[in-house]
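Counting starts at 1 for both ligands and their atoms, following the listed order.
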Amino acid sequence: MTVAFVTGATGFTGKALVADLRKRGITTIAHVRPDSRDLAKWRESFSALGAEVDTTPWDLTAMTATLQRLQVDLAFCCVGTTRSRMKAQGEAANSYEAVDFALPKLLADASAKAGTVTRVVYLSSLGAGPKAQGAYLQWRWKAEEAVRAAGVPWTIARPSIITGQRDEERPSEAFAGTALDGVLGVLGALGAKTLRDRYKSTTDARLAGALARLALDPAAANQVVLSENLS
Ligand SMILES: NC(=O)c1ccc[n+]([C@@H]2O[C@H](COP(=O)([O-])OP(=O)(O)OC[C@H]3O[C@@H](n4cnc5c(N)ncnc54)[C@H](OP(=O)(O)O)[C@@H]3O)[C@@H](O)[C@H]2O)c1
């Protein structure tokens with residue numbers, strides 16, 4: 001029996017990933033932060049998908065014990081903050097360093113210590129790299145490095161823009177996805193197909209399917225997977 005543990009399960013991609021894993025018949029635990037104001041709602045919606053909810057705090061010892069207790073094979077990290085969250089909920093607890101870097105690192109370290117996890121799948125972003133511009137992509141790169149260094153097989157996914165029907169309004173993201181795909185469509189027609197495939201947007205459902213597939217694929221161990229292979 002394969003057991004998957006999804007952090008960031010309450011997010012756009014995380015929710016789709018829980019649904020996809022359940023459709024594959026995989027035992028799935030949706031991690032929800034213990035202080036979530038919507039815990040009751042999440043319990044109900046994940047239970048409807050046949051997934052359990054876990055509320056282990058983001059603490060290395062506690063997370064290691066949970067992964068061990070649940071005998072987790074596949075640990076997914078789909079967490080991430082935004083500038084609007086930082087403004088609304090406070091910079092200290094919601095900075096890129098505190099969320100986009102520290103939480104994937106903690107999950108990867110806990111996975112290595114637990115000894116049951118065969119793959120950590122980290123949802124990063126296109127553009128992450130040692131010379132990335134901007135705080136977001138720089139912290140994403142540091143998180144990738146931490147995942148690689150943890151000592152457990154990993155897969156890192158770097159999607160371009162993620163589109164689809166969000167509960168939360170993000171008009172700039174939707175506009176960017178449409179505009180980007182329009183420009184890339186023209187480039188593709190002009191022959192720049194590699195460029196088009198590298199940067200084209202994906203949907204939450206397609207990305208979730210790709211993350212689940214990659215987690216189960218031995219050939220995807222210790223690989224960085226770019227947009228063209230995340231649809
Ligand atoms: N959206 C895009 O176009 C895009 C493109 C490329 C890469 N990415 C990356 O892909 C990842 C997933 O994107 P998404 O759009 O699915 O994200 P999302 O909907 O914003 O979900 C973010 C998740 O992170 C959790 N989270 C945020 N702050 C937290 C904190 N302080 N402590 C614990 N959990 C916290 C949220 O939990 P709560 O619900 O409890 O707040 C939620 O589960 C992100 O990390 C993003 O950077 C996104």
Side-chain angles (χ1 to χ4, degrees), residues 5-20 30-43 45-46 53-59 62-63 76-107 121-129 132 134-144 147 156-181 198-208 210-211 224-227 230-231:
F5 187 82
V6 180
T7 62
T10 59
F12 190 42
T13 312
K15 273 185 290 185
L17 178 58
V18 172
D20 188 282
H31 180 260
V32 180
R33 46 172 146 178
D35 57 342
S36 171
R37 281 181 298 180
D38 297 319
L39 189 53
K41 179 192 95 175
W42 291 123
R43 282 198 192 284
S45 56
F46 286 128
V53 165
D54 174 78
T55 58
T56 300
W58 279 102
D59 167 86
M63 195 60 88
F76 293 88
C77 188
C78 302
V79 299
T81 191
T82 58
R83 287 207 178 276
S84 59
R85 261 180 203 270
M86 287 180 218
K87 272 192 195 150
Q89 297 170 10
E91 174 91 30
N94 295 285
S95 65
Y96 292 128
E97 181 175 5
V99 180
D100 291 44
F101 168 71
L103 303 188
K105 175 174 171 26
L106 191 153
L107 183 69
V121 178
Y122 171 46
L123 177 52
S124 182
S125 175
L126 193 68
Y136 167 69
L137 290 175
Q138 286 168 6
W139 282 112
R140 288 263 146 194
W141 171 249
K142 288 179 188 169
E144 289 191 6
V147 168
I156 291 170
R158 289 190 194 150
S160 179
I161 291 174
I162 307 165
T163 57
Q165 281 303 115
R166 273 187 190 274
D167 298 339
E168 176 194 354
E169 289 279 312
R170 289 197 193 171
S172 55
E173 189 179 276
F175 174 75
T178 308
L180 180 67
D181 287 346
R198 172 67 43 89
Y199 291 98
K200 76 175 178 190
S201 69
T202 187
T203 65
D204 54 332
R206 286 206 309 262
L207 178 58
L211 294 177
V224 175
V225 183
L226 302 179
S227 268
L230 292 172
S231 298

Do Thr7 and Leu103 have side chains that get closer than 4.5 Å, going by heavy atoms? no
Side-chain donor-acceptor contact under 3.5 Å, Tyr122 with Arg158: no
Yes or no: does Gln89 have any heavy atom under 4.0 Å from an atom of ligand 1? no
Heteroatom proximity flag, Gly8 to ligand 1, N/O under 3.5 Å: yes
Can you say whether the rings of Trp139 and Phe101 are parallel (under 30°), tilted (30 to 60°) or perpendicular (over 60°)? tilted
State, with a plain yes or no, whether a side-chain heavy atom of Leu126 is found less than 4.5 Å away from one of Pro159. no
Is the shortest distance from a heavy atom of Arg158 to ligand 1 less than 4.0 Å? no
May I ask you to list the atoms of ligand 1 that are less than 4.0 angstrom from any heavy atom of Ala93? 31 (N)
Flag side-chain contact, heavy atom, 4.5 Å: Met63 against Phe5: yes
Quick note on ligand 1: atoms under 4.0 Å from a heavy atom of Asn94 include exactly 31 (N)
At a 4.0 Å threshold, what atoms of ligand 1 neighbour a non-hydrogen atom of Ser124? 7 (C), 8 (N), 9 (C)
Enumerate the atoms of ligand 1 whose separation from the nearest heavy atom of Tyr136 is less than 4.0 angstrom. 7 (C), 8 (N), 9 (C), 46 (C), 47 (O)
Val79 and Pro104: which non-hydrogen atoms are nearest, and at how many Å? CG2-CD, 4.2 Å
Looking at side-chain heavy atoms only, is the closest gap between Thr55 and Leu39 below 4.5 Å? yes
Check whether any N or O atom of Ile161, backbone or side chain, sits under 3.5 Å from an N or O atom of ligand 1, and answer yes or no. no
Would you say Asp38 and Thr10 make side-chain contact, with heavy atoms under 4.5 Å? no
Which atoms of ligand 1 sit under 4.0 Å from any heavy atom of Trp58? 33 (C)
Closer than 4.0 angstrom: is that true for some heavy atom of Ser160 and an atom of ligand 1? yes
Tell me whether Pro159 has any N or O atom under 3.5 angstrom from an N or O of ligand 1. no
What part of Cys78, side chain from CB on, backbone N/CA/C/O, both or neither, has a heavy atom under 4.0 Å from ligand 1? backbone
Distance-only side-chain donor-acceptor flag, Thr56 / Asp54, under 3.5 Å: yes
Using a heavy-atom cut-off of under 4.0 Å, does the side chain or the backbone of Ala98 touch ligand 1, or both, or neither? neither
Between Leu103 and ligand 1, which part of the residue brings a heavy atom under 4.0 Å of the ligand: side chain, backbone, both or neither? side chain
Examine the proximity of ligand 1 to Val99 and report which part, side chain or backbone, both or neither, has a heavy atom under 4.0 Å away. side chain
Sub-4.5 Å side-chain heavy-atom contact between Leu17 and Asp204: no
Can you check whether Asp100 has an N/O within less than 3.5 Å of an N/O in ligand 1? no
Show me which atoms of ligand 1 lie under 4.0 Å from any heavy atom of Leu123. 10 (O), 11 (C), 12 (C)
Mind checking whether Asp204 contacts ligand 1 via backbone (N, CA, C, O), side chain (CB onward), both or neither, at a 4.0 Å heavy-atom cut-off? neither
